[in-house]
Each structure stands twice: as C-alpha cells, then as structure tokens.
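To start, the structure under review is shown below, and the notes come after it.
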Amino acid sequence: MRDPSAPRPNFSADVRSGSLPLEVAFTDLSEPGSSEITDWKWSFGDGEFSDETNPTHTYQNAGVYDVPREKFQQPNELVEGGNLGGAGP
C-alpha cells in the first residue's frame with residue numbers, strides 16, 4: 001500500500017514523436033504528499049538534465065529515449081518517479 005504522506009511522482013509530455021530537432025515540453029503533475037516538493041531533477045535519456053519544474057527539452061538525434069526519470073526532493077527525502085517512453089523520428 002502506498003504511504004499517503006509520500007509524494008506521488010507523475011508528469012506529462014506534449015509530444016512523443018516527430019521530426020528532428022524535436023522539442024518536448026514536460027509538465028510536472030506530481031502530488032506532494034505531506035510536505036512541499038522543493039527540488040526537481042529531470043534526466044532526458046540523452047545525457048541532458050534540468051532542475052526546472054516544467055522543463056522543455058530538444059532532442060537532436062533520432063532514437064527511442066527512456067525519459068525522464070523525475071526526481072524531486074522534500075525535506076530529507078529523495079524520490080524517483082515516473083517513466084515515459086521516448087521520442088524519435
């Protein structure tokens with residue numbers, strides 16, 4: 001059973017495929033749990049990262065990316081969350 005006080009990671013992406021370069025806007029939809037979310041760490045699957053809440057990322061190379069593993073921090077807590085299958089031509 002999920003701890004109701006723990007954050008619940010979730011996000012969306014405005015596109016999942018298209019022509020290169022492909023710009024993707026990610027939106028954080030996470031539920032904070034019992035305390036405020038204070039930091040975000042997005043990994044886009046191509047070696048690039050962002051600490052923005054709702055980042056935009058441009059993919060330069062064709063491929064399928066495992067994007068992103070969103071990590072965010074609450075006081076004294078690091079949580080890994082959601083996984084979104086990738087972007088490519």
Side-chain angles (χ1 to χ4, degrees):
M1 182 172 197
R2 183 183 161 298
D3 179 355
S5 66
R8 185 177 197 158
N10 192 14
F11 60 89
S12 67
D14 68 338
V15 296
R16 293 182 186 225
S17 64
S19 300
L20 294 173
L22 180 65
E23 183 176 280
V24 182
F26 295 94
T27 302
D28 177 47
L29 302 172
S30 301
E31 297 174 23
S34 63
S35 60
E36 181 181 355
I37 297 170
T38 58
D39 297 292
W40 288 257
K41 180 72 172 179
W42 298 78
S43 173
F44 298 111
D46 61 357
E48 298 294 321
F49 301 88
S50 175
D51 60 1
E52 296 177 21
T53 304
N54 297 303
T56 298
H57 181 68
T58 301
Y59 291 92
Q60 301 295 335
N61 299 307
V64 176
Y65 296 93
D66 190 22
V67 232
R69 287 300 280 182
E70 181 186 352
K71 297 179 183 177
F72 52 89
Q73 192 170 10
Q74 296 194 49
N76 303 315
E77 186 172 16
L78 181 65
V79 177
E80 290 191 40
N83 206 359
L84 178 68

Any side-chain heavy atom of [X] within less than 4.5 Å of one from [Y]?
| X | Y | answer |
| --- | --- | --- |
| Glu23 | Thr56 | yes |
| Phe44 | Pro55 | yes |
| Thr58 | Glu48 | no |
| Val24 | Tyr59 | yes |

Return the [atom1] to [atom2] distance between [X] and [Y], rounded to the nearest 0.5 Å.
| X | Y | atom1 | atom2 | answer |
| --- | --- | --- | --- | --- |
| Asn10 | Asp28 | CG | CG | 8.0 Å |
| Ser50 | Trp40 | OG | CH2 | 11.0 Å |
| Asp14 | Asn54 | CG | CG | 11.5 Å |
| Leu22 | Arg16 | CG | CZ | 12.0 Å |

**OP:** Taking all non-hydrogen atoms of both residues into account, name the closest pair between Leu20 and Ala62 and its distance.
**Re:**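 Looks like CD1-N, 3.2 Å.
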Original post:
Listed by chain and number, what are the side chain to side chain contact (heavy atoms under 4.5 Å, CB included) partners of Asp51, not counting sequence neighbours?
Top reply: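 Asp51 satisfies side chain to side chain contact (heavy atoms under 4.5 Å, CB included) with no residue once adjacent residues are dropped.
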Original post:
Under the 3.5 angstrom rule, does the side chain of Ser30 hit a backbone N or O of Pro32 as a donor-acceptor pair?
Top reply: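 No, because the side chain of Ser30 does not come within donor-acceptor range (under 3.5 Å) of the backbone of Pro32.
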**OP:** Determine, using ring centers only, whether Trp42 and Phe49 are less than 6.0 Å apart.
**Re:**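 Not close enough - the centres of the two rings lie 6.0 Å or further apart.
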